Amino acid sequence: MSVVRDDVTQSGPREGAGTTFRTVEWIGDAATGRLRMIDQTLLPTQFVEIDCDDVESVWQAIKRLSVRGAPAIGVAAAYGAVIGARSRGVSDPHTVRQALSQAAAHLSTSRPTAVNLFWALDRMQAAGDAALAGRQPLLESLLDEAHAIAEEDRAMCRAIGRHGAELMTDGDGVLTHCNAGGLATADYGTALAVMFSAHEQGKRLRVFADETRPLLQGARLTAWELVERGIDVTLICDNMAAQVMKEGKIQKVIVGADRIAANGDAANKIGTYGVAVLAKAHGIPFYVAAPSSTFDLSLTDGTGIPIEERDPREVTEGFGRRTAPEGVAVYNPAFDVTPAHLLAGIITERGVISPVDSHTVRTLMGTARASS
Ligand code: MRU
(Lines give C-alpha, C1' and ligand atoms only; values in the text may rest on other atoms or scores of the structure.)
Protein backbone atom coordinates (compact mmCIF):
# COMPACT_ATOMS: atom_id res chain seq x y z
CA MET A 1 0.00 0.00 0.00
CA SER A 2 1.27 3.47 -0.80
CA VAL A 3 0.09 6.63 0.90
CA VAL A 4 0.68 9.92 -0.91
CA ARG A 5 0.91 12.94 1.37
CA ASP A 6 1.06 16.02 -0.77
CA ASP A 7 0.73 18.23 2.30
CA VAL A 8 4.27 17.39 3.35
CA THR A 9 5.87 18.31 0.02
CA GLN A 10 4.02 21.58 -0.04
CA SER A 11 4.57 22.75 3.49
CA GLY A 12 7.51 20.62 4.63
CA PRO A 13 9.32 21.01 7.91
CA ARG A 14 9.57 24.64 8.96
CA GLU A 15 12.65 26.46 10.12
CA GLY A 16 13.45 25.72 13.75
CA ALA A 17 10.34 23.60 14.08
CA GLY A 18 12.08 20.24 13.66
CA THR A 19 11.07 17.76 11.04
CA THR A 20 7.39 17.18 10.47
CA PHE A 21 7.95 13.89 8.67
CA ARG A 22 8.81 10.50 10.09
CA THR A 23 11.40 8.66 8.01
CA VAL A 24 10.53 5.32 9.63
CA GLU A 25 7.46 4.78 11.79
CA TRP A 26 5.54 1.90 13.34
CA ILE A 27 1.76 2.07 13.02
CA GLY A 28 -0.34 -0.04 15.39
CA ASP A 29 0.38 -2.82 17.89
CA ALA A 30 2.88 -5.67 17.78
CA ALA A 31 0.42 -8.29 16.51
CA THR A 32 -1.15 -6.37 13.63
CA GLY A 33 0.94 -3.21 13.16
CA ARG A 34 2.95 -2.25 10.10
CA LEU A 35 6.08 -0.34 9.15
CA ARG A 36 5.56 2.98 7.39
CA MET A 37 8.45 4.66 5.58
CA ILE A 38 9.01 7.51 3.17
CA ASP A 39 9.86 6.18 -0.29
CA GLN A 40 13.06 8.18 -0.70
CA THR A 41 13.51 7.10 -4.31
CA LEU A 42 10.71 9.53 -5.23
CA LEU A 43 11.95 12.63 -3.40
CA PRO A 44 12.09 15.53 -3.95
CA THR A 45 9.28 15.61 -6.51
CA GLN A 46 6.88 13.25 -4.72
CA PHE A 47 6.33 12.57 -1.03
CA VAL A 48 4.99 9.03 -0.87
CA GLU A 49 4.90 6.77 2.17
CA ILE A 50 4.96 3.00 1.82
CA ASP A 51 3.56 0.51 4.31
CA CYS A 52 5.27 -2.86 4.80
CA ASP A 53 3.68 -5.80 6.61
CA ASP A 54 5.89 -8.64 5.43
CA VAL A 55 9.65 -9.16 5.65
CA GLU A 56 10.16 -9.33 1.92
CA SER A 57 8.75 -5.84 1.36
CA VAL A 58 11.06 -4.49 4.10
CA TRP A 59 14.02 -6.26 2.45
CA GLN A 60 13.07 -4.78 -0.92
CA ALA A 61 12.63 -1.28 0.54
CA ILE A 62 16.17 -1.42 1.97
CA LYS A 63 17.67 -2.93 -1.19
CA ARG A 64 16.17 -0.38 -3.60
CA LEU A 65 16.97 2.53 -1.23
CA SER A 66 13.40 3.51 -0.40
CA VAL A 67 14.85 3.62 3.09
CA ARG A 68 18.58 4.37 3.18
CA GLY A 69 21.27 5.88 5.35
CA ALA A 70 22.96 3.66 7.92
CA PRO A 71 20.91 4.47 11.06
CA ALA A 72 17.57 4.47 9.19
CA ILE A 73 18.38 1.08 7.68
CA GLY A 74 19.02 -0.25 11.21
CA VAL A 75 15.71 1.10 12.52
CA ALA A 76 13.77 -0.26 9.52
CA ALA A 77 15.38 -3.69 9.93
CA ALA A 78 14.49 -3.76 13.64
CA TYR A 79 10.82 -3.19 12.83
CA GLY A 80 11.12 -5.67 9.96
CA ALA A 81 12.31 -8.25 12.48
CA VAL A 82 9.09 -7.74 14.49
CA ILE A 83 7.06 -8.36 11.34
CA GLY A 84 9.09 -11.47 10.59
CA ALA A 85 8.80 -12.83 14.12
CA ARG A 86 5.00 -13.06 13.89
CA SER A 87 4.95 -14.54 10.39
CA ARG A 88 4.47 -18.18 11.48
CA GLY A 89 1.88 -17.52 14.17
CA VAL A 90 2.19 -16.11 17.65
CA SER A 91 0.84 -18.81 19.96
CA ASP A 92 4.11 -20.70 20.51
CA PRO A 93 7.03 -18.52 21.73
CA HIS A 94 9.65 -20.93 20.32
CA THR A 95 8.08 -20.65 16.87
CA VAL A 96 8.14 -16.86 17.18
CA ARG A 97 11.80 -17.00 18.22
CA GLN A 98 12.70 -19.18 15.23
CA ALA A 99 10.80 -16.93 12.84
CA LEU A 100 12.72 -13.97 14.28
CA SER A 101 16.05 -15.65 13.50
CA GLN A 102 14.93 -16.46 9.99
CA ALA A 103 13.77 -12.88 9.36
CA ALA A 104 17.00 -11.45 10.77
CA ALA A 105 19.09 -13.74 8.56
CA HIS A 106 17.17 -12.61 5.49
CA LEU A 107 17.19 -8.90 6.31
CA SER A 108 20.95 -9.05 6.92
CA THR A 109 21.45 -9.89 3.22
CA SER A 110 19.80 -6.69 2.00
CA ARG A 111 22.86 -4.42 2.04
CA PRO A 112 26.39 -5.25 3.29
CA THR A 113 28.15 -2.01 4.22
CA ALA A 114 26.17 -0.13 6.90
CA VAL A 115 26.95 -1.89 10.17
CA ASN A 116 23.84 -0.42 11.80
CA LEU A 117 21.82 -3.08 9.98
CA PHE A 118 23.69 -5.93 11.69
CA TRP A 119 23.91 -4.08 14.99
CA ALA A 120 20.13 -3.59 15.10
CA LEU A 121 19.40 -7.18 14.11
CA ASP A 122 21.80 -8.45 16.80
CA ARG A 123 19.93 -6.34 19.34
CA MET A 124 16.60 -7.78 18.19
CA GLN A 125 17.91 -11.35 18.51
CA ALA A 126 19.25 -10.62 22.00
CA ALA A 127 15.90 -9.08 22.99
CA GLY A 128 14.16 -12.21 21.71
CA ASP A 129 16.42 -14.44 23.79
CA ALA A 130 15.91 -12.33 26.91
CA ALA A 131 12.11 -12.30 26.53
CA LEU A 132 12.02 -16.05 25.97
CA ALA A 133 14.21 -16.74 29.01
CA GLY A 134 12.18 -14.35 31.15
CA ARG A 135 8.84 -15.71 29.88
CA GLN A 136 7.83 -12.23 28.78
CA PRO A 137 5.44 -11.62 25.88
CA LEU A 138 7.83 -12.12 23.00
CA LEU A 139 6.32 -10.02 20.24
CA GLU A 140 5.61 -7.06 22.52
CA SER A 141 9.18 -7.22 23.86
CA LEU A 142 10.52 -7.17 20.31
CA LEU A 143 8.43 -4.13 19.41
CA ASP A 144 9.67 -2.40 22.59
CA GLU A 145 13.26 -3.09 21.50
CA ALA A 146 12.65 -1.72 17.99
CA HIS A 147 11.07 1.40 19.50
CA ALA A 148 14.10 1.73 21.81
CA ILE A 149 16.50 1.51 18.84
CA ALA A 150 14.55 4.28 17.09
CA GLU A 151 14.36 6.47 20.21
CA GLU A 152 18.04 6.03 21.01
CA ASP A 153 18.89 7.02 17.44
CA ARG A 154 16.85 10.21 17.79
CA ALA A 155 18.64 11.08 21.02
CA MET A 156 22.09 10.26 19.59
CA CYS A 157 21.46 12.46 16.55
CA ARG A 158 20.47 15.42 18.75
CA ALA A 159 23.65 14.96 20.82
CA ILE A 160 25.79 14.74 17.66
CA GLY A 161 24.21 17.99 16.52
CA ARG A 162 25.06 19.68 19.82
CA HIS A 163 28.69 18.50 19.87
CA GLY A 164 29.25 19.30 16.21
CA ALA A 165 27.70 22.77 16.37
CA GLU A 166 30.47 23.82 18.78
CA LEU A 167 32.97 23.27 15.96
CA MET A 168 31.10 25.56 13.58
CA THR A 169 31.88 29.27 13.26
CA ASP A 170 29.38 31.89 12.14
CA GLY A 171 29.84 32.41 8.41
CA ASP A 172 31.45 29.02 7.68
CA GLY A 173 31.11 27.45 4.26
CA VAL A 174 30.45 23.74 4.83
CA LEU A 175 30.63 21.00 2.21
CA THR A 176 28.76 17.71 2.59
CA HIS A 177 28.47 14.59 0.45
CA CYS A 178 25.48 12.23 0.09
CA ASN A 179 22.67 12.57 2.64
CA ALA A 180 23.25 12.22 6.37
CA GLY A 181 20.12 14.07 7.46
CA GLY A 182 16.79 13.25 9.06
CA LEU A 183 16.00 11.03 6.09
CA ALA A 184 19.04 8.86 6.85
CA THR A 185 18.21 8.41 10.54
CA ALA A 186 15.20 8.12 12.82
CA ASP A 187 15.25 11.92 13.02
CA TYR A 188 17.54 14.98 12.62
CA GLY A 189 20.54 13.24 11.04
CA THR A 190 24.26 13.15 11.77
CA ALA A 191 26.26 15.46 9.45
CA LEU A 192 23.16 17.58 8.81
CA ALA A 193 22.34 17.54 12.53
CA VAL A 194 25.49 19.59 13.06
CA MET A 195 24.24 22.14 10.53
CA PHE A 196 20.68 22.14 11.92
CA SER A 197 21.96 22.65 15.46
CA ALA A 198 24.40 25.42 14.48
CA HIS A 199 21.61 27.11 12.52
CA GLU A 200 19.27 26.89 15.54
CA GLN A 201 22.02 28.58 17.60
CA GLY A 202 22.00 31.49 15.15
CA LYS A 203 25.23 30.60 13.33
CA ARG A 204 24.90 31.38 9.63
CA LEU A 205 26.36 28.58 7.53
CA ARG A 206 26.62 28.40 3.78
CA VAL A 207 26.27 24.74 2.87
CA PHE A 208 27.52 23.24 -0.38
CA ALA A 209 25.90 19.90 -1.22
CA ASP A 210 27.63 17.51 -3.61
CA GLU A 211 24.97 16.05 -5.88
CA THR A 212 26.45 12.56 -5.20
CA ARG A 213 26.46 10.44 -8.32
CA PRO A 214 25.18 7.97 -9.26
CA LEU A 215 21.96 8.12 -7.21
CA LEU A 216 21.99 11.82 -6.36
CA GLN A 217 21.25 11.60 -2.64
CA GLY A 218 22.87 15.04 -2.24
CA ALA A 219 20.75 16.72 -4.92
CA ARG A 220 17.51 14.90 -4.15
CA LEU A 221 17.63 14.56 -0.36
CA THR A 222 20.23 16.82 1.29
CA ALA A 223 19.27 19.84 -0.80
CA TRP A 224 15.59 19.14 -0.03
CA GLU A 225 16.15 18.89 3.73
CA LEU A 226 18.23 22.06 3.88
CA VAL A 227 15.87 24.09 1.69
CA GLU A 228 12.91 22.94 3.80
CA ARG A 229 14.68 24.16 6.95
CA GLY A 230 15.58 27.51 5.45
CA ILE A 231 19.34 26.87 5.52
CA ASP A 232 21.50 28.47 2.81
CA VAL A 233 22.42 25.61 0.48
CA THR A 234 24.12 25.56 -2.91
CA LEU A 235 24.10 22.42 -5.02
CA ILE A 236 27.26 21.46 -6.92
CA CYS A 237 28.19 18.53 -9.13
CA ASP A 238 30.70 16.20 -7.46
CA ASN A 239 33.50 17.25 -9.80
CA MET A 240 33.18 20.91 -8.70
CA ALA A 241 34.32 20.37 -5.11
CA ALA A 242 38.02 21.08 -5.79
CA GLN A 243 37.24 24.35 -7.54
CA VAL A 244 34.87 25.47 -4.78
CA MET A 245 37.55 24.70 -2.17
CA LYS A 246 40.21 26.54 -4.17
CA GLU A 247 37.94 29.58 -4.35
CA GLY A 248 38.01 29.66 -0.52
CA LYS A 249 34.31 28.94 -0.13
CA ILE A 250 34.72 25.92 2.16
CA GLN A 251 35.94 26.11 5.77
CA LYS A 252 34.77 22.65 6.91
CA VAL A 253 33.65 19.36 5.41
CA ILE A 254 31.18 17.17 7.34
CA VAL A 255 29.89 13.79 6.15
CA GLY A 256 28.17 10.77 7.68
CA ALA A 257 29.43 7.18 7.84
CA ASP A 258 28.19 3.66 7.23
CA ARG A 259 30.83 1.78 9.19
CA ILE A 260 33.82 2.99 11.21
CA ALA A 261 36.64 0.58 12.06
CA ALA A 262 38.47 0.54 15.40
CA ASN A 263 41.26 2.77 14.06
CA GLY A 264 38.80 5.38 12.73
CA ASP A 265 38.87 4.42 9.03
CA ALA A 266 35.37 5.38 7.88
CA ALA A 267 33.23 3.98 5.06
CA ASN A 268 30.74 6.37 3.52
CA LYS A 269 29.09 7.04 0.17
CA ILE A 270 31.33 6.62 -2.87
CA GLY A 271 33.21 9.85 -3.50
CA THR A 272 33.74 10.68 0.17
CA TYR A 273 37.38 9.55 0.09
CA GLY A 274 38.09 11.85 -2.83
CA VAL A 275 36.52 14.78 -0.98
CA ALA A 276 38.73 14.00 2.05
CA VAL A 277 41.86 14.03 -0.13
CA LEU A 278 40.79 17.36 -1.62
CA ALA A 279 40.11 18.78 1.84
CA LYS A 280 43.60 17.73 2.99
CA ALA A 281 45.16 19.36 -0.09
CA HIS A 282 43.39 22.61 0.72
CA GLY A 283 44.00 22.53 4.49
CA ILE A 284 40.28 22.21 5.27
CA PRO A 285 39.23 20.15 8.33
CA PHE A 286 37.24 17.07 7.34
CA TYR A 287 34.82 15.67 9.94
CA VAL A 288 32.75 12.48 10.07
CA ALA A 289 29.56 12.58 12.18
CA ALA A 290 28.20 9.22 13.35
CA PRO A 291 26.55 7.53 16.33
CA SER A 292 28.16 4.70 18.32
CA SER A 293 25.93 2.23 16.41
CA THR A 294 28.04 2.92 13.30
CA PHE A 295 31.31 1.78 14.90
CA ASP A 296 32.49 -1.75 14.19
CA LEU A 297 35.23 -2.42 16.72
CA SER A 298 35.63 -5.99 15.46
CA LEU A 299 37.54 -4.54 12.49
CA THR A 300 40.99 -3.21 13.29
CA ASP A 301 41.00 -1.05 10.17
CA GLY A 302 38.91 -0.22 7.11
CA THR A 303 40.31 -2.95 4.84
CA GLY A 304 37.76 -5.40 6.23
CA ILE A 305 34.71 -3.23 5.51
CA PRO A 306 32.55 -4.88 2.82
CA ILE A 307 31.84 -2.51 -0.05
CA GLU A 308 28.47 -2.92 -1.76
CA GLU A 309 28.51 -3.10 -5.55
CA ARG A 310 25.28 -2.05 -7.21
CA ASP A 311 23.51 -2.48 -10.52
CA PRO A 312 25.47 -1.01 -13.47
CA ARG A 313 22.25 0.59 -14.73
CA GLU A 314 22.51 3.11 -11.88
CA VAL A 315 25.50 4.49 -13.80
CA THR A 316 24.35 3.99 -17.39
CA GLU A 317 20.69 4.96 -16.95
CA GLY A 318 20.79 7.08 -13.81
CA PHE A 319 18.94 10.02 -15.27
CA GLY A 320 15.99 8.04 -16.57
CA ARG A 321 17.53 7.55 -19.99
CA ARG A 322 20.62 5.80 -21.27
CA THR A 323 23.77 7.93 -21.07
CA ALA A 324 26.40 5.31 -22.06
CA PRO A 325 26.84 2.92 -24.97
CA GLU A 326 25.23 -0.53 -24.77
CA GLY A 327 27.71 -3.18 -23.66
CA VAL A 328 30.18 -0.84 -21.93
CA ALA A 329 31.80 -2.29 -18.78
CA VAL A 330 30.71 -0.54 -15.59
CA TYR A 331 32.10 -0.63 -12.05
CA ASN A 332 29.65 0.69 -9.44
CA PRO A 333 30.95 0.51 -5.84
CA ALA A 334 28.44 2.28 -3.57
CA PHE A 335 30.92 3.19 -0.82
CA ASP A 336 34.58 3.96 -0.21
CA VAL A 337 36.75 4.09 2.89
CA THR A 338 38.42 7.29 4.07
CA PRO A 339 41.59 6.56 6.06
CA ALA A 340 41.63 7.88 9.61
CA HIS A 341 44.66 10.09 9.00
CA LEU A 342 42.52 12.32 6.74
CA LEU A 343 39.96 12.98 9.49
CA ALA A 344 40.13 16.06 11.72
CA GLY A 345 37.61 14.40 14.02
CA ILE A 346 34.65 12.06 14.41
CA ILE A 347 31.62 13.75 15.95
CA THR A 348 29.69 11.22 18.04
CA GLU A 349 26.91 11.44 20.62
CA ARG A 350 29.59 10.96 23.29
CA GLY A 351 31.77 13.83 22.10
CA VAL A 352 34.32 14.51 19.38
CA ILE A 353 37.12 12.00 18.75
CA SER A 354 40.19 14.06 17.75
CA PRO A 355 42.83 13.18 16.76
CA VAL A 356 41.46 9.98 15.24
CA ASP A 357 43.42 6.79 15.94
CA SER A 358 42.91 3.37 17.56
CA HIS A 359 43.58 4.73 21.03
CA THR A 360 41.19 7.69 20.86
CA VAL A 361 38.46 5.61 19.21
CA ARG A 362 38.73 2.93 21.92
CA THR A 363 38.78 5.54 24.66
CA LEU A 364 35.42 7.02 23.63
CA MET A 365 33.81 4.00 21.97
CA GLY A 366 35.24 1.17 24.06
CA THR A 367 31.79 0.04 25.04
CA ALA A 368 30.25 0.29 21.55
CA ARG A 369 28.90 -3.07 20.48
CA ALA A 370 30.81 -4.77 17.63
CA SER A 371 28.82 -6.51 14.92
CA SER A 372 28.72 -10.31 14.81
O1 MRU B 1 23.48 4.33 -0.20
P2 MRU B 1 22.96 5.19 0.93
O3 MRU B 1 22.12 6.32 0.46
O4 MRU B 1 22.31 4.36 2.00
O5 MRU B 1 24.29 5.83 1.55
C6 MRU B 1 24.14 6.62 2.69
C7 MRU B 1 25.40 7.25 3.16
O8 MRU B 1 26.47 6.98 2.65
C9 MRU B 1 25.31 8.13 4.36
O10 MRU B 1 26.25 9.16 4.30
C11 MRU B 1 25.56 7.30 5.63
O12 MRU B 1 24.73 6.18 5.66
C13 MRU B 1 25.36 8.09 6.87
S14 MRU B 1 23.67 8.43 7.19
C15 MRU B 1 23.56 9.24 8.68
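Here, residue 1 is the first one in the sequence, and each next residue gets the next number. Not measured: the values here are computed from a predicted model. Both ligands and their constituent atoms are indexed starting at 1 by order of listing.
Considering only non-hydrogen protein atoms, atom 13 (C) of ligand 1 sits nearest to A257 O, 3.3 Å. Looking at atom 15 (C) of ligand 1, its nearest protein heavy atom turns out to be T190 OG1, 3.2 Å. Protein heavy atom closest to atom 5 (O) of ligand 1, with residue, atom name and distance, is K269 CE, 3.3 Å. Atom 11 (C) of ligand 1 has as its closest protein heavy atom D258 OD1, 3.2 Å. Nearest protein neighbour of atom 6 (C) of ligand 1, counting heavy atoms only, is R68 NH2, 3.5 Å.
The two atoms that bring V356 and G345 nearest to each other are CG2-CA, 3.8 Å, heavy atoms only. Between D210 and D238, the shortest heavy-atom distance links the atoms CB-OD1, 3.4 Å.
At a threshold of 4.0 Å, the pair R97-D129 counts as salt-bridged, since one of the basic side-chain nitrogens sits closer than that to a carboxylate oxygen. A salt bridge links R259 with D296: the closest approach of a Lys/Arg side-chain nitrogen to an acidic carboxylate oxygen falls below 4.0 angstrom.
For R313, the CZ atom sits in a loose shell: 12 or fewer heavy atoms of surrounding residues, nucleotides or ligands are nearer than 6.0 Å.
In this structure, the salt bridge (charged side-chain N to carboxylate O under 4.0 Å, His left out) partners of E314, at least two apart in sequence or on a different chain, are R310.
Heavy atoms of N179 found under 4.0 angstrom from ligand 1 belong exclusively to the backbone. By the criterion of a heavy-atom distance under 4.0 Å, the side chain of R111, and not its backbone, is placed next to ligand 1.
Every atom of ligand 1 is numbered from 1 in the order shown, and the set under 4.0 Å from a heavy atom of P71 is 14 (S), 15 (C). For ligand 1 and N268, the ligand atoms under 4.0 Å from any heavy atom of the residue are 7 (C), 8 (O), 9 (C), 10 (O), 11 (C). Atoms of ligand 1 found under 4.0 Å from any heavy atom of F335, numbered from 1 in the order shown, are 1 (O), 5 (O), 8 (O). Heavy-atom contacts of C178 reach the following atoms of ligand 1: 5 (O), 6 (C), 7 (C), 8 (O) (cutoff under 4.0 Å). The distance from ligand 1 to the heavy atoms of A184 drops below 4.0 Å at these ligand atoms: 14 (S), 15 (C).
The side chain to side chain donor-acceptor pair (under 3.5 Å) test with D170 singles out one residue from R204, K203, Q201, and that residue is R204.
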*asked:* The test is salt bridge (charged side-chain N to carboxylate O under 4.0 Å, His left out); show your working for D187 and R22 and say whether it passes.
replied: CA-CA 7 Å; D187 183 39; R22 285 274 190 194; 5.7 Å; no
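Considering backbone and side-chain atoms alike, G256 places every N or O at 3.5 Å or more from each N or O of ligand 1. For the pair A70 and ligand 1, the shortest N or O to N or O distance falls below 3.5 Å. Among the atoms of Q217, some N or O lies under 3.5 angstrom from an N or O of ligand 1.
Through chains of ILVMFWY side-chain contacts below 4.5 Å, F335 is grouped with L299, I305, I307, V337.
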